[in-house]
Amino acid sequence: MEHDNNNDPLVIGGSVLQSRLFVGTGKYGSDAVIPEVCRASGSQVITVALRRVDMRAATGNVMQHIPKHMRLLPNTSGARDAEEAVRIARLARAAGCGNWIKIEVISDSRYLLPDGYQTARATEILAKEGFVVLPYMNPDLYVARDLENAGAAAVMPLGAPIGTNRGLRTKEMIGILIEEIGVPIVVDAGIGRPSEACEAMEMGADACLVNTAIATAGDPVAMAMAFGAAVRAGRQAFLAKAGPVLCGGADASSPLTGFLGEA
Amino acid sequence: MSFLRVVQGYEGADIPGAAQAVTEADVRRALEKPVLGPDEYLTLLSPAAAGLLEAMAQRANALSVQHFGRTIQLFTPLYLSNHCTNQCVYCGFNARNDIARTMLDEEGILREGEAIAASGLKQLLLLTGDAPRRASAEYIGQAARTLRDFFPSLGVEVFAMREEEYAHLLRCGVDSLTLFQETYNRSLYAALHPAGPKRDYTFRLDAPERGCRAGMRLVNVGALLGLDDWRRDAFFTGMHARYLQKKYPQTDVAVSLPRMRPHAGAFQPASLVGDRELVQILLALRIFLPRCGITISTREPAVLRDHLIPLGVTRMSAGVSTAVGGHAGETESVGQFEISDPRSVEEVCDAIRRRGYQPVFKDWEPLDGVCAVAV
């Protein structure tokens with residue numbers, strides 16, 4: 001029997017989401033494809049870099065391409081420290097983008113890896129101000145705990161360095177976060193193929209955010225559809241509880257401890 | 001430690017000779033490496049690599065799409081002043097050139113700003129000649145304050161400044177710095193800059209680093225291709241960008257690839273950089289520094305610029321005038337050099353879209369308060 005997504009909602013910051021795939025707005029050859037990507041993926045959450053949004057422009061603005069039903073997840077791309085992230089978040093809210101914010105604090109322009117300390121500082125400030133904070137992070141247990149304690153509504157560990165499409169390179173660390181962290185785990189960055197998103201969901205991740213893999217695909221709309229299906233399949237597999245995998249040797253037909261039952 | 005130490009480390013090295021010794025197998029090996037070092041970068045600048053441009057282009061394209069997507073940022077220069085105290089032998093603003101000198105007042109700056117803003121552009125590059133007593137850091141800072149309402153992002157391409165002057169410009173709303181070393185060849189540099197403050201090679205070489213220290217978000221370096229052997233200058237340009245990237249990871253580092261253009265003066269370049277050579281430099285740079293911004297200006301003709309889009313370019317100028325007051329059409333001043341792509345902003349945007357790329361007008365704005373955004 002197919003799993004019913006309506007009975008398995010994802011709740012973040014009090015909002016109920018039926019889709020566990022978040023999509024992005026960056027790197028497309030044309031923003032005009034964004035509505036089709038949203039439709040094909042079934043996603044309900046879309047992240048947008050506030051640095052690229054021109055609130056004063058009536059046209060030529062990425063915002064005009066985002067379907068009304070999508071929940072906006074403005075991000076703080078370009079912030080180099082907590083203070084800049086906080087200012088961008090406040091700008092986003094003042095500009096009418098709602099109170100969800102994805103914290104990105106990156107002060108390394110070569111590798112674009114997130115700064116855990118600055119991210120936690122920004123998360124604490126913004127959570128107290130009533131934002132629903134989703135911080136992008138390295139999959140580090142201590143940082144994740146700090147973020148959870150700081151009031152993060154979810155944490156967003158990277159699967160591989162951002163934009164690389166290299167897949168779930170941090171699988172072991174994400175597995176630990178899934179076990180230990182109480183807020184939803186949204187795997188963000190690095191996922192390059194639908195099978196990798198499916199794997200993250202099978203592991204028990206609560207959602208995936210995919211931008212580059214969709215935006216840079218030969219057919220972004222078809223790839224968005226594939227990711228939507230993969231995330232649903234992975235979630236269904238997680239809920240179905242896969243059978244055990246035997247590690248070495250066979251399932252012995254003559255158990256060594258069988259005699260204990262014969263006594 | 002300054003980049004001067006890196007340059008000095010190569011003193012006596014025969015860089016063009018080393019490039020000549022590279023084999024096709026060396027190039028193929030370099031192209032298979034995930035991360036390239038300086039030796040591999042020089043390998044990609046070699047004559048042997050010229051025969052493998054398509055393989056380089058495929059990798060450069062993939063890296064560019066991966067890191068920047070199919071997007072091209074647009075900007076345009078605004079010339080504030082053409083007063084200059086230097087005698088750079090290759091430049092139309094040379095103090096000894098008999099051209100009308102002019103400098104925009106606040107009204108003129110506003111008119112230029114309004115004319116450019118009407119084209120839809122959001123990123124502006126402010127330029128002056130090198131005459132700090134006339135077009136001072138204070139004057140440029142005031143111009144930035146005047147223009148901030150029109151343009152979320154302001155850069156400067158002006159004379160080399162002290163760190164506190166860059167910090168002043170940042171407070172006025174400037175967020176990026178472009179500064180070309182012109183040539184990294186120290187003895188040639190001295191010959192090309194016979195008089196004026198720009199003659200100080202080291203002060204200029206260290207200026208991008210001072211900009212990084214002051215907190216500029218983006219620092220753009222480059223050589224004026226054609227002044228010296230292009231392989232040597234392209235090599236040091238890439239090394240300069242790499243040095244800044246490593247030492248100032250919080251700064252976005254970019255490179256421009258300007259070729260010599262005709263100008264008011266008789267100087268002819270020593271080393272001709274053809275289209276194939278320009279493409280080779282662009283590809284080698286992209287593969288060496290995958291996350292480095294690369295700018296191609298209207299020095300290049302429209303057809304070539306359009307073909308370069310998928311090869312690693314991330315920023316292009318559009319709707320350009322190199323004359324003071326040239327955007328509002330209220331000038332008789334001579335431009336710094338002749339441009340080769342006179343298309344309007346909309347025409348450049350159409351060309352970018354035809355290539356399957358998206359023109360990006362805005363990529364940053366100052367963060368000094370919520371009131372900066374009209375809700």
What part of B:S153 gets within 4.5 angstrom of chain A, counting heavy atoms only: side chain, backbone, both, or neither? neither
Any idea how B:Y41 and B:F235 line up, ring-wise: parallel (<30°), tilted (30 to 60°), or perpendicular (>60°)? parallel
Pick one of side chain, backbone, both or neither for B:K122, based on which atoms fall under 4.5 Å of a heavy atom in chain A. side chain
With a cut-off of under 6.0 Å to the ring centre and 45° to the axis, is B:R242 in cation-pi contact with B:F288? no
Can you tell me which portion of A:S30 sits under 4.5 Å from chain B's heavy atoms? Options are side chain, backbone, both or neither. backbone
If one checks every heavy atom of A:T164 against chain B at 4.5 Å, the contacting part turns out to be both
Would you say that B:R343 contacts B:D306 through its side chain, given a criterion of any heavy-atom pair below 4.5 Å between the two side chains? yes
Should A:R87 and A:E83 count as an ion pair when the cut-off is N to O under 4.0 Å? no
Please state whether the side chain, the backbone, both or neither of B:V360 comes within less than 4.5 Å of a heavy atom of chain A. side chain
Under 4.5 Å from any heavy atom of chain B - which part of A:I106: neither
Residue B:R355 versus chain A: region with a heavy atom under 4.5 Å: neither
Under 3.5 Å, is there a donor-acceptor pair linking the side chains of A:N165 and B:Q66? no
Please check if the side chain of A:N75 supplies one atom and the backbone of A:K102 the other of a donor-acceptor pair under 3.5 Å. no
Heavy-atom distance under 4.5 Å to chain A: side chain of B:Q73, backbone, both or neither? side chain
